[in-house]
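Residue numbers count from 1 along this sequence.
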Amino acid sequence: MYCAPAVEQFTAARKRSWAQKVLAGRPSLPGYEELFASGTYADTIAPAPNGEQTLLGCSPVQETSIRNNSCVLTPVVTEGPYHHKAGHPIRQNIAELEDGLLLLLDIGVIDVETCKPLPNVLVDIWQANATGYYAGHPVPAPHLVNEQPQVGGKRAGLLSAYPRTNEEETFLRGAWPTDANGVAQFTTIFPGYYTGRATHIHAKVFPTWTVQPNGSFTSDHLVHVGQFFFDDEINLRVDNMHPYTENPIRHTRGRTRNWRDSLNIFEDSHGPEREYDPVFKLDFLGGVISQGLMGYITMYGKSPEAPRPIRFWDTRRRHVRFIRPSAAVAQIVGKNDCPLLSVRHWTRWNRDPRIWARTPTLLYNISIFQYLDSQPGLYWETMALLEQLAKGLTFIGQPVHSTLFPYPIAATIHAARISVVYQANSRAATAGTNAKISWPTYIAGYLVMTWGGTIITHQLLQLPPPMLYSPNPYIIYITTHLILTLLFHLFPFLLSPSVFAFLDTVLFPVDALVRTAAVTGTTAILTSGPPIARPLIASPVTHLIIGALASAGGGLTASTLSTWSPSWSFSTPPVLRAQTLTAFLWGSMDIWGGALVAAVYGSAAGAGAFRGVQQLVRPGVVAVSGTEYVVGMSWLTPLEAKALAAGVLAVCFGLRAYKTHWAAAAAPAMRAKKGPKGKAQ
């Protein structure tokens, strides 16, 4: 550390310079532009014998450059609920009038294909202020003022997102393009924290954008979204500084440490192999922390130059390095520019019989992706469909009515669907008899059918089910059941077979969305570290079982106990009374459909339990971790993965609705159109 004395003198000189400016009447510390302007520290720079400028004789003076050229992709994580699609100003100083600790950000962007700094891409960032509020979102929704943080599960500690009620606020939001060295620099304040989340800053990267008359930008070409964090030791020190001491939850819920970050965002930001560090590297701007910090971090980008056809995985890249099929040969012979892929890795590839054993599958799948490359229209049509399904999933997560019934649409639809089925079965069980179901039995039987899957899955995960610590499930399900009971009592024809068949045919996409939300919500608990053995969490069998039970556990329990009859009794579930394999497959669709959703979602979203599936489906995607090859990983965001699973399940449910209600009626008509030998007349 031969430069340490000079660096100490340099820091002292800056402190003196800043103090003199403040004492001379300057209202604040130097602006960001001045801090980085050439000549700001001219008095500390001396010419070297070779003509280069040196900083106090230590090292050549250089422009700000990227500190990390490791060519490891930054993991993609959720953008969160507080991003504004439009209105972020193009500016470097985003602090406006917000009070807090000075923070200078140095964000580098590298091209994932060349592993070189990427200039002229727009880095968009946004963050909370010192007391944990985002611009435009000052207060919770009126009906959620007294909401308590969620207990248990992946969203533990979180509250519902605050709505956007102020369209004019833009503090701590802004975007700036990278310079010739691939670096975007910002002036801001150290962010505060809020319930359930560790201290973080959001970022997006856009290779192209359009400047608006008001100085903001719009862009539909997003190549990365991520979140960056700070070391907990720094967070705790900043917590004791004003105005961070005024955080409204400081003395109640307190801050969330990085390792407890809800939704696993901090952990996910490291990537599946923990080869990326999402924590800012911080330097003191002065001798003490109160004079400000400068944070460095590097993330990946995609060059907007040299355009080429969109490939299936190019816009889905997440966690890993993506290799185009056309570059597969270059990868194998070790002629890639990226330093992590070299001849030594090719040697290991050549000598590893397990890798060569997968070569036929590798080449076969590469040909499939080459086909997708040649069909860009098919790709975009698929993504457009997933976008619509994702909107549906987002919609059913909203409340039915913000005041009258502030409970999720998905839970309400689920309550209504189970109520309709339960009432239809109870009518059939008591038809032709004088037996009547008592009200306690009627309500209890319905709740068993409704909550059976939730209770069983939470027991397997060794977690308390939500109905043990929250009154909301009782309000949602019992209210919905009683309303529909009154409706069907007044209009009994609504439960006729013809109406039931019509509803089953029309509403099967909604059923698929609701069931997918239930399955993925339950399997997501596995990624939040439930108190069960780690091998079980990492096993795909566990995911499949949890998915099947979350989807059909309630129906299986109710049919086994005959909860829709006046007196409950054990009986064989209808699915086990099937006479043929075909009948069994159709009848058990709710069971294996839930397992299918868990498999599709886990594979597409990058769950470690489905690494083998990812290897079979996407072997053209290769990442290197140390000396080990990792093949696969996710290529969709979690919401898109849910949409894909919902689409697959909707197809299955649609086929079942046709088979159950319409295929038998259509068969005679089809036979009438054919001759005696099956030929059309």
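Within the 4.5 Å cutoff, no side-chain heavy atoms of Y244 are placed close to those of T131.
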Item to check | Chi angles and distances behind the side chain to side chain contact (heavy atoms under 4.5 Å, CB included) call for L105, V183 | outcome: CA-CA 10 Å; L105 296 180; V183 175; over 6 Å; no
Checklist entry - Can you list the steps and then say if F610 with H543 is a ring pair (Phe, Tyr, Trp, His ring centres under 6.0 Å)? => result CA-CA 9 Å; F610 292 93; H543 288 251; 5.4 Å; yes
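Using cut-offs of 30° and 60° on the angle between ring planes, the pair W451 and Y474 is perpendicular. The aromatic rings of Y133 and Y162 sit tilted relative to each other, their planes meeting at an angle between 30° and 60°.
A side-chain donor-acceptor contact under 3.5 Å links Y194 and Y134. Judged by distance alone, the side chains of T187 and Q92 never bring a donor and an acceptor atom under 3.5 Å apart. Between T199 and R255, the side chains place a donor N or O and an acceptor N or O closer than 3.5 Å (distance only, hydrogens not considered). In this model, no donor atom of one side chain and acceptor atom of the other lie less than 3.5 Å apart for H137 and R164. There is a side-chain donor-acceptor pair under 3.5 Å between H414 and Y477.
The number of heavy-atom neighbours closer than 6.0 Å to CG of N240, taken from other residues, nucleotides and ligands shown, is above 12.
For H401 and H143, the distance between ring centers is not under 6.0 angstrom. Taking the six-membered ring for Trp and the full ring otherwise, F217 and W176 have centroids separated by 6.0 Å or more.
Screening Y193, F190, F266 for a ring pair (Phe, Tyr, Trp, His ring centres under 6.0 Å) involving F230 leaves a single residue, F190.
A salt bridge links R91 to E96: at least one charged side-chain nitrogen sits closer than 4.0 Å to a carboxylate oxygen.
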